[in-house]
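All remarks here apply to the structure that follows.
Just so it is clear: chains get the letters A, B, ... in the order the sequence lines come, proteins before strands, and each one is counted from 1.
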Protein chains: 2
Amino acid sequence: METEVSVETRVLDAADALFYAQGVQAVGMDRIRDASGVPLKRLYRCFPSKGALVEAYLRRRDKIARGSMEEHADSLSSPDEKILGIFEWLHTVVSEPGFRGCAFNNAFGELGSHSAAVTAIVQGHKAALRRFFSGLVHDAKAPDPEGLTTQLLVLFDGAITVAAITDTPAPALRARDAAAALLAAGGREEPAQHGSGVPVRADGSRPGG
Amino acid sequence: METEVSVETRVLDAADALFYAQGVQAVGMDRIRDASGVPLKRLYRCFPSKGALVEAYLRRRDKIARGSMEEHADSLSSPDEKILGIFEWLHTVVSEPGFRGCAFNNAFGELGSHSAAVTAIVQGHKAALRRFFSGLVHDAKAPDPEGLTTQLLVLFDGAITVAAITDTPAPALRARDAAAALLAAGGREEPAQHGSGVPVRADGSRPGG
DNA sequence: CATGGAAGAGAACGGCCGTTCTCGGGTTGC
DNA sequence: GCAACCCGAGAACGGCCGTTCTCTTCCATG
């Protein structure tokens with residue numbers, strides 16, 4: 001007769017579903033109480049404020065997403081396979097019903113300017129993602145590993161965003177194709193005939209600026 | 001002594017700055033009244049509800065961004081130059097102080113699940129962006145133009161997101177480099193030695209599923 | 001069985017937000 | 001001069017939200 005799952009887990013399950021589906025500010029604590037079945041009094045004993053619950057929601061998402069991604073990568077052997085496999089893993093994620101974009105990007109847009117804690121968690125999540133990609137890129141012995149890592153991050157976040165707004169999973173696979181092309185090209189193609197005529201240095205500044 | 005700029009413009013200027021910097025739901029109508037100097041009564045005569053003001057805010061952002069982007073592209077000659085030039089235009093945009101990501105993505109994450117109008121405007125903005133890229137890609141006579149168009153969109157949105165969260169403009173230039181590589185490769189590199197072992201068709205389905 | 005404490009259900013409270021109303025002052029037309 | 005009207009400033013109103021309080025019920029212990 002003891003509790004099947006812990007109270008914290010039930011609250012976080014409810015908060016996760018509601019916060020992700022509807023946005024944080026659109027969901028009141030009453031709704032989380034109704035969905036979890038945990039009365040407000042106990043809920044506030046586990047999480048002393050809504051802000052603390054939001055942070056726990058993001059931290060759990062971070063841990064679960066990183067675990068799932070690393071598990072998928074571990075099932076593949078070569079660095080190149082792992083890198084491309086991540087985009088196929090992403091394809092299954094964005095195909096799930098109810099997918100509505102990256103929970104971290106959404107939270108950052110909604111709360112980042114008001115909550116330093118949320119900003120730190122989101123930046124930490126993306127930094128971990130970068131470390132993960134960076135390790136694979138170094139293993140793949142690509143030239144300009146930092147540039148390629150940034151490009152993979154860009155493809156990853158861009159695929160999530162385009163898939164969410166167009167409501168189709170295909171962008172994840174187009175991002176995989178792009179990653180494959182970048183791996184084949186060495187991650188830093190600088191074609192002579194494709195410049196726009198405005199030279200830009202690697203740090204973004206322009207000569208004479 | 002007549003008004004320097006129209007009341008609608010003053011209201012939209014204030015709403016734009018506040019909505020973008022702090023999120024829509026975090027900004028009350030009183031704050032827009034204070035920032036614009038337009039009393040609530042007149043404000044509600046111009047925009048009959050906060051929702052209408054939010055939609056006008058997004059529509060004006062859409063018009064301005066598209067105009068600025070097309071103007072920049074018009075200053076370049078070849079399709080390839082235009083495509084890469086857009087990422088340099090993006091680099092200047094994400095370098096501006098106060099840049100906090102794509103207003104449309106942020107609004108979609110915050111309000112998309114509750115407002116069909118916001119969702120439609122965001123999707124319309126991205127669809128216009130796709131048409132814009134698509135025209136340039138077709139002009140560039142790339143093979144698989146649809147795939148390359150999606151990849152450019154992914155790079156574009158991803159660069160915005162990564163630049164916002166890491167608070168550095170460099171991802172826009174790394175996205176430009178990636179776009180250059182994809183243009184050089186034809187937009188659909190399918191390297192024999194880079195597959196992850198799981199075949200995936202172009203539409204995202206797997207054989208036998 | 002009596003009693004103390006913990007805990008659930010729901011009300012309550014202060015505060016904010018979107019929207020509307022009131023009131024007072026100024027302006028226009030006769 | 002006067003009346004009718006418009007408009008700005010701010011209060012007011014209903015509703016929601018985060019948080020706390022109250023009251024009742026339940027259970028464990030002596």
Side-chain angles (χ1 to χ4, degrees), chain A residues 1-58 106-107 109-118, chain B residues 1-58 106-107 109-118:
Chain A
M1 199 48 132
E2 68 278 20
T3 55
E4 296 279 341
V5 296
S6 78
V7 172
E8 283 91 348
T9 301
R10 271 192 295 156
V11 171
L12 280 174
D13 286 346
D16 186 279
L18 289 169
F19 285 160
Y20 180 71
Q22 317 206 21
V24 172
Q25 306 199 78
V27 173
M29 296 297 268
D30 307 17
R31 309 257 313 277
I32 293 169
R33 173 201 53 189
D34 295 344
S36 66
V38 174
L40 280 179
K41 204 172 174 183
R42 198 117 90 89
L43 207 160
Y44 272 93
R45 219 178 306 137
C46 296
F47 304 97
S49 69
K50 187 184 183 182
L53 179 57
V54 171
E55 293 159 31
Y57 149 68
L58 290 175
N106 291 349
E110 193 178 348
L111 310 168
S113 63
H114 286 278
S115 164
V118 166
Chain B
M1 200 44 134
E2 69 278 19
T3 55
E4 295 280 340
V5 295
S6 80
V7 172
E8 284 90 349
T9 301
R10 271 192 294 153
V11 171
L12 280 174
D13 286 347
D16 186 279
L18 290 169
F19 285 160
Y20 180 71
Q22 316 207 23
V24 171
Q25 306 199 77
V27 174
M29 296 296 269
D30 307 18
R31 309 258 311 277
I32 292 170
R33 173 201 54 189
D34 294 345
S36 67
V38 174
L40 280 179
K41 204 173 176 183
R42 198 117 93 88
L43 207 159
Y44 272 94
R45 218 178 308 138
C46 296
F47 304 97
S49 70
K50 186 183 183 182
L53 179 57
V54 171
E55 293 159 30
Y57 149 67
L58 290 175
N106 291 350
E110 194 179 348
L111 310 168
S113 62
H114 286 279
S115 164
V118 165

Protein-proximity profile, nucleotides 9-18 of chain C, B/S/- by nucleotide at the 4.0 Å heavy-atom cutoff, equals S--------S
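- Sorted by first and then second residue, the ring pair (Phe, Tyr, Trp, His ring centres under 6.0 Å) pairs involving residues 31-56 of chain B (not counting sequence neighbours) form an empty list.
- Residue B/Arg42 has no polar side-chain atom (N or O) positioned under 4.0 Å from OP1 or OP2 of D/dC7.
- You'll find the side chain of B/Arg42 stays beyond 4.5 Å of the side chain of B/Val11, heavy atoms only.
- A distance-only check finds no donor-acceptor pair linking the side chain of B/Gln25 to the backbone of A/Gln25 [under 3.5 Å].
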Would A/Val7 and A/Leu43 satisfy side-chain contact (heavy atoms from CB on, under 4.5 Å), going step by step from the backbone distance to the final call? CA-CA 8 Å; A/Val7 172; A/Leu43 207 160; over 6 Å; no
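- Following rounding to the nearest Å, B/Arg45 (CZ) and C/dC21 (P) show an atom-to-atom distance of 14 Å.
- For B/Ser113 (side chain) and A/Ala21 (main-chain N/O), a donor-acceptor pair under 3.5 Å exists by modelled atom type.
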